[in-house]
Amino acid sequence: MIRSEQEQIRLASLQQLKDLGINPYPAEEFVVTHRSKSLKDDFKPGVKVSMAGRMMSRRIMGKASFAELQDAEGTIQLYLNRDEICEGEDKTMYNAVFKKLLDRGDFIGIEGETFVTKVGEPSVKVSGFKVLSKAIRPLPAVKTDEDGNVHDAFSDPELRYRMRYVDLCVNEKVKETFVARSNIIRTIREAFDKEGWLEVDTPVLQAIPGGAAARPFETHHNALDMPLYLRIANELYLKRLIVGGFEGVYEFSRNFRNEGMDRTHNPEFTVLELYVAYKDYNWMMKAMENLLGNVAASVHGKTVVTLAGKEIDFTPPYARVTMRDAILEHTNVDIDALDEDGLREACKTLNIDTDPSMGKGKLIDEMFGEKCEHLYIQPTFITDYPVDMSPLTKIHRDNPNYTERFELMINGTEVANAYSELNDPIDQRERFEAQVELGKRGDDEAMFIDQDFLRALEYGMPPTSGVGIGIDRLVMMLTDQTSIQEVLLFPQMRPEQF
RNA sequence: GACUUGGUAGCUCAGCUGGUUAGAGCAUCUCACUUUUAAUGAGAGGGUCCUGGGUUCGAGUCCCAGCCAGGUCACCA
């Protein structure tokens, strides 16, 4: 293995530590009494502390030095004085170990006492330190000046995503994004638990990849000698649980789709699915706008969030626009007045590509997707989708051409998708059969028939409303990120050659 | 998958119409320095110029192929 100059120097330092009888990778617990941010938030001089973390910088001035110690909360300045660390004649710990053999990025544990420097920086005067882990590779040398400008930022996206551990060490904002992600998920979970809804786990490996229309990843179970699919959705399993008598179930579901990757798509992504018995999609709209208002407030302290320079207002209520009205408004086409051929013609006029496999619903979906979707920046419920786009949704109570479905659009992308769930087993069977017909026409994403799911419905499912929320996209909106890679700790990448 | 931009030191980048020994800042090493904070001053070392071919007296630079990434588009409920 070829080592860079800096790595070779660090390996030599590692050996010298061992020669001095210092274990660079000690096993025993190091007791931590304080952490950086909480210590600084309530800072009092003269407090004895024991802290641990990564040494992120050093300013050596002869017999005294300053260093930055980074822990999970942030950083704090250390002050080291040779004669305080080495009280006797032997100055090795300061002159050799601290000044020569430690490097930026090494983990150390320190003991000392808080004080304020003469320029007012809360600091810890170190009385002793211990090597906790020696780093062989140098961290990128990111520096921040007094105006907060970052110099020589570690910014290459390929390196940042491949080595997220380095990204997290040196780019403070990255850590904040993932803390926010965790807070968002926790806020939702707490809200749902408070309602008495049950968090469940359903199969990731499915024999029939149902509940959505997408290309699945396929794998093989050796013992059963059968194909299995990574789930594209968990919807049909959660509904089985409603059949079983739970009145509210939810799951943060990692879903997998074997499709393209871009700024808003990763092959694996997280959807929160929630099903509540005896509710309809109107109730769900209210529940969603309240939830998102609360999530934005709890994570951000306010309900107006800036995303890529645009203000997004999560304060409920959100606008409700039917799909027909949306298309009418933005294209002047009244989908109610047209049959399949008429819709195909309208698409042609609007310069939307069509093919013979597309049914009425797909054509309408194309019109909305091409001409309307990106225009909804503020949170908006698009309601009442065509029947043949929504095979799991109850027919609209007032109009048999539509379903009781909404999608929540924010910043031009879909964040949530919800229905009054179809619980009529006979209708559901017909809808699946219609999907099979679409499949025969060439739609390779048409749904399979899940006979067991139909059987479950035949045992009776109460009226239910369900929703799926794209957690990754929601996190993007609430953390002002425009790439899904920025909200996934380890976004999918082609393997690296070593 | 298509188009496009890029890949040069640990990091961020410069390197012109091809031309001596490939540069800078930070980082690293040596020396000095007991309250600094992008510490400072002096000196030094560090390169598979993404990979493989080709053109040429000569390639980081031009050509071809490939790999990886970003962006745009396509695909994608």
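Every chain is numbered from 1 and lettered A, B, ... according to where its sequence line falls, protein lines coming before strand lines.
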>> Pairing check on B:A44: which nucleotide meets the Watson-Crick or G-U wobble criteria with it, both distances under 3.5 Å?
In response: B:U28
>> Looking at B:G6, which nucleotide sits across from it as a Watson-Crick or G-U wobble partner, both distances under 3.5 angstrom, or is there none?
In response: B:C68
> In the strands shown, is B:C13 matched to any nucleotide by a Watson-Crick or G-U wobble pair with both distances under 3.5 Å, and which?
Replying inline: B:G23
> What residues in residues 79-107 of chain A put a non-hydrogen atom under 4.0 Å from any atom of RNA chain B?
Replying inline: A:Tyr79, A:Asn81, A:Asp83, A:Lys100, A:Asp103, A:Arg104
> Taking the C1' atom of each, how far is B:C49 from B:C13, in whole Å?
Replying inline: 13 Å
> Can you name the one residue among A:Glu273, A:Arg231, A:Glu235 that meets side-chain hydrogen bond (donor to acceptor under 3.5 Å, both in side chains) with A:Ser253?
Replying inline: A:Arg231
>> For the P atoms, the ones on B:U40 and on B:C50, what distance do you get once it is rounded to whole angstrom?
In response: 32 Å
> Hey, are the side chains of A:Lys279 and A:Thr464 touching, using non-hydrogen atoms and a 4.5 Å cut-off?
Replying inline: no
> What distance, rounded to whole Å, do you find between the two P atoms, one in B:A22 and one in B:C26?
Replying inline: 22 Å
>> Can you check the distance between B:U48 and B:U72, where both ends of the measurement are the C1' atom (answer in whole Å)?
In response: 33 Å
> In whole Å, what is the span from the CZ atom of A:Arg59 to the P atom of B:A39?
Replying inline: 5 Å
> Looking at RNA chain B, which of residues 322-330 of chain A put a heavy atom within less than 4.0 Å of it?
Replying inline: none
> Think A:Gln485 has a side-chain N or O under 4.0 angstrom from the OP1 or OP2 of B:G70?
Replying inline: yes
>> Short of 4.0 Å, heavy atom to strand atom, which residues of residues 261-268 of chain A count as contacting RNA chain B?
In response: A:Asp262, A:Arg263, A:His265
> Which base sits across from B:G18 as a Watson-Crick or G-U pair, both distances under 3.5 Å?
Replying inline: none
> Over how many whole Å does the gap from A:Glu496 atom CD to B:C50 atom C1' extend?
Replying inline: 12 Å
>> Using whole Å, what does the distance between atom P of nucleotide B:G10 and atom CG of A:Leu159 come to?
In response: 12 Å
Side-chain polar contacts of residues 373-384 of chain A - donor-acceptor pairs under 3.5 angstrom, sequence neighbours left out - could you list them?
residue	atom	partner	partner atom	Å
A:Gln378	OE1	A:Asp313	N	2.8
A:Gln378	NE2	A:Glu311	O	2.6
A:Thr380	OG1	A:Gln378	O	2.8
A:Asp384	OD1	A:Tyr281	OH	2.6
A:Asp384	OD2	A:His396	NE2	3.4

>> Any strand counts, and the cut-off is 3.5 Å on both contacts for Watson-Crick or G-U wobble. Which nucleotide pairs with B:U55?
In response: none
> Once you round it to whole Å, what is the distance between P of B:C76 and CZ of A:Phe217?
Replying inline: 16 Å
> Residues two or more places apart in sequence or in another chain: which of them pass ring-ring contact (aromatic ring centres under 6.0 Å, His included) with A:Tyr250?
Replying inline: A:Phe192
> Starting at CD of A:Glu5 and ending at C1' of B:C29, how long is that distance when rounded to a whole Å?
Replying inline: 7 Å
>> So if I apply the side chain to side chain contact (heavy atoms under 4.5 Å, CB included) rule between A:Val150 and each of A:Val142, A:Asn171, A:Val170, which one comes out positive?
In response: A:Val142
> Atom CE of A:Met163 and atom P of B:C11: how far apart are they, to the nearest Å?
Replying inline: 7 Å
Enumerate, atom names and distances included, each donor-acceptor pair closer than 3.5 Å involving a side-chain atom of residues 86-93 of chain A, sequence neighbours excluded.
residue	atom	partner	partner atom	Å
A:Asp90	OD1	A:Thr92	N	2.9
A:Asp90	OD1	A:Thr92	OG1	2.4
A:Lys91	NZ	A:Asp83	OD1	2.9
A:Lys91	NZ	A:Cys86	O	2.8
A:Lys91	NZ	A:Gly88	O	2.9

>> Could you identify the nucleotide paired to B:A74, looking across every strand shown and requiring Watson-Crick or G-U wobble geometry with both distances under 3.5 Å?
In response: none
